[in-house]
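These notes concern the structure reproduced below.
As the structure is a prediction and not an experimental result, all values here were calculated from the model. Numbered from 1 within each chain, the chains take letters A, B, ... in sequence-line order.
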Protein chains: 2
Amino acid sequence: MNYCYQYPHPAVTTDCVIFGFDGTRLNVLLIERGIEPYKGRWAFPGGFIRMEETAEECARRELREEAGLEAAYMRQFHTFSTLDRDPRERVITIAYYALVQLSEVVGGDDAARAQWFPLDDVPRLAFDHDAILRQAIAELRRQIHFEPIGFELLPPQFTMTQLQRLYEAVLGVKFDRRNFYNKMRHLGLLGESGETVTMPNRREAFLYSFNRESYDELKERGFRLEF
Amino acid sequence: MNYCYQYPHPAVTTDCVIFGFDGTRLNVLLIERGIEPYKGRWAFPGGFIRMEETAEECARRELREEAGLEAAYMRQFHTFSTLDRDPRERVITIAYYALVQLSEVVGGDDAARAQWFPLDDVPRLAFDHDAILRQAIAELRRQIHFEPIGFELLPPQFTMTQLQRLYEAVLGVKFDRRNFYNKMRHLGLLGESGETVTMPNRREAFLYSFNRESYDELKERGFRLEF
DNA sequence: CTTAATTGCGTAAATTTTACGCAATGTTTT
DNA sequence: AAAACATTGCGTAAAATTTACGCAATTAAG
C-alpha cells in the first residue's frame, strides 16, 4: 500500500465497447472474465488507468492487450460513477466505443476468450456493462447523424448494398434501396473505384470507397448527415 | 496521508460549465479563484468528488456551493484526462454543462467572486478550462438538435422573438423571423398562454410556454429538432 | 406626421423527400 | 429449357418541406 493521499481517491478505469459489422447485424466484442469478481461472465475490455497515460491511451492499450485490436475510430461517450459499480472499491470508468472491421483477428495476449455477439443476442454482462452498452448504442446512433462513422465499420471497398445494410443495422430502420442509392451519391462522400465484384452467387456490383477528402471539404462548409 | 492504495490513483473532480442567456448573447458563469494554483484567474465551479456521491451529485453540489445555483438541466459531456492538467497532482475531471436562467441570483457561500461573461468576451481561464469551454459549446450546439434544451434557458413564459434570439445565439446563425415562427408553431412544443406582454417600449407580443407533455409525446414517436 | 421597428399572419417558389417503374443479369425452380 | 425470382443500376413524378418574401397593424422616435 505504497500510494497514499490526504483525501480518498476513487480508482479510475476505461472500458471499451467495440462494434463490428458482419454484413447484416451489428456485433459487440466481449471478453470472458477469468478472475473474480464476475468470473466467467462477459465484459468489455478495459482496465485501470496508469499515471503516465491519458484515458484514450489507456483505452487503446487495453484494446490491444485484451482483444488484439487497433481501432481506427474511437470515441469517449460517458463516464460512469455509480457508487457500487465494483464490489472491490469505488471505481469510476471512462467509457469509449470503437468501430472496427469484424473481419479483423480477435484474441488477447493472455489467451482470454474474446467473442463477437450480435447486438440482439448479448448475454448478461459483468458489472454495470449492460447499462454501458445501451448508452453506447444510443451514442453511436446519435453520432452517425454528424459523422460518417459507418464507413469505419466497412472494408476499404464496399458495395452500395453493404453500406445500406450497415446504416439499417445501426439505426434499426429500413430504407428504400433506390432512395438510399441516390442520396449517397448526392452526398459526394463516395469514390467510385470503377471496379466491380461478383456478389455471392449473384450478379456484378460496383465497388465504392469512402472519400475522406470530400468529407473534410463538406465538414468545412458545415453539413449534417441525414439518414 | 491516511488513504493508501496498492496502485496509484488519480484525483477525480467535476467541473461545470454554466450557460445563461441574457436575451441577446449566451453567457457563462465563472468563479474567480481565491487560492493557488491559478489564483486570481477565472474558472468553472468544480471540485473533488467524494466517495459517497456520484459525479452528477458532485457537480450539483459544487454548483450550489460555489455559485449558489440549482440547475434544472445538467448534462455530462466529456472527461478530461491530460497528464498535466493540474500542477499539484494527476487530476481527471468529469465535465458537465448546466443551463440556467441568467436572472437567477449568483453568489457562492464562501463569498468567492462569481460573474457572468458573454461567450465572445471570456477571459483566459485557469487550468485547461479554455478547451473545456470550447467542447461544452460544441456539445450544446450538437445537443440542441435532439432536445429542446433552449427552453431551459428561458423563463417559464417567453415571446417568440426571445426564443428565436436564443436559438440564434446558441447556433450562431440568423433565421427568418416568419419561418422560425411557422416552424415552431408546427412543432407543437409551445403552449399559448393567451396572455400578452408589452415589449420594452414596443408593441404587444404573445407569451408562450414550453409544453413538456407535447414534447414527451413527440419523443415517443421519434423525432428530430431541426433548426 | 413621417420614418423606422417590431409583431402577427400568409403564400408562392424552390428544394428535398418519398414512392415506385423498368430493364438487365444471373440463380433457382419446375 | 423455360419460368419464376432475386438483385443491381438508373430514372421520374408526386408529396412534403424549406425558403423567400409580402402585407397590414401598432408604437416610438425624430
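- Between the CG atom in L166(A) and the CG atom in D22(A) there is a gap of 10.5 Å [rounded to 0.5 Å].
- Contact annotation: the side chain of V100(B) never approaches that of L153(B) to less than 4.5 Å [non-hydrogen atoms, C-beta and beyond].
- The main-chain N or O of A131(B) is never found under 3.5 Å from a side-chain atom of D128(B) such that the two would form a donor-acceptor pair.
- Remark: R177(B) CZ to E168(B) CD distance equals 11.5 Å, nearest 0.5 Å.
- Rounded to whole Å, atom C1' of dT17(C) lies 15 Å from atom CZ of F180(A).
- As a whole-Å value, the separation of L207(B) CG from dT7(C) P is 12 Å.
- In the helix from dC1(C)-dG30(D) to dT30(C)-dA1(D), the terminal helix axes, each the rotation mapping four pairs' C1' atoms onto the next four within five end pairs, subtend 0°, rounded to 10°.
- A side-chain contact (heavy atoms from CB on, under 4.5 Å) with L26(A) is found for one member of L102(A), L99(A), L119(A) and no other, namely L119(A).
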Under 3.5 Å, which protein N or O atoms sit close to an N or O of nucleotides 14-21 of chain D? Give each pair with its distance.
residue	atom	partner	partner atom	Å
dA20(D)	N7	N179(B)	OD1	3.3
dA20(D)	N7	N179(B)	ND2	2.9
dA20(D)	N6	N179(B)	OD1	3.0
dC21(D)	N4	D176(B)	OD1	3.3
dC21(D)	N4	R178(B)	NE	3.4

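- Residue F158(A) is tested with F210(A), Y167(A), F151(A), F206(A) for a ring pair (Phe, Tyr, Trp, His ring centres under 6.0 Å); the sole match is F151(A).
- Within the 6.0 Å centre-distance limit, the rings of Y38(B) and F127(B) are counted as a close aromatic pair.
- At distances below 3.5 Å, at least one donor-acceptor pair connects side-chain atoms of Y96(A) with backbone N or O atoms of E56(A).
- For the contact set between residues 166-175 of chain B and DNA chain C, defined by any heavy atom under 4.0 Å, there are no members.
- Within the 4.5 Å cutoff, the side chain of F146(B) has heavy atoms near those of the H145(A) side chain.
- Dashed line: the shortest gap from a side-chain N or O of T161(B) to OP1 or OP2 of dT7(C) is under 4.0 Å.
- Between the C1' atom of dT6(C) and the OH atom of Y181(B) lies a distance of 13 Å, rounded to the nearest Å.
- Using modelled atom types, one finds no donor on one side chain facing an acceptor on the other under 3.5 Å when comparing S81(A) with T54(B).
- E192(A) places its CD atom 16 Å from the P atom of dT8(D), with the value rounded to the nearest Å.
- A straight line from CZ of R177(A) to P of dC10(D) spans 11 Å, rounded to a whole angstrom.
- Atoms CZ and CD1, on R41(B) and I31(B) in that order, are 16.0 Å from each other to the nearest 0.5 Å.
- In this structure, CE of M184(A) is placed 16 Å from C1' of dT16(C), rounded to the nearest angstrom.
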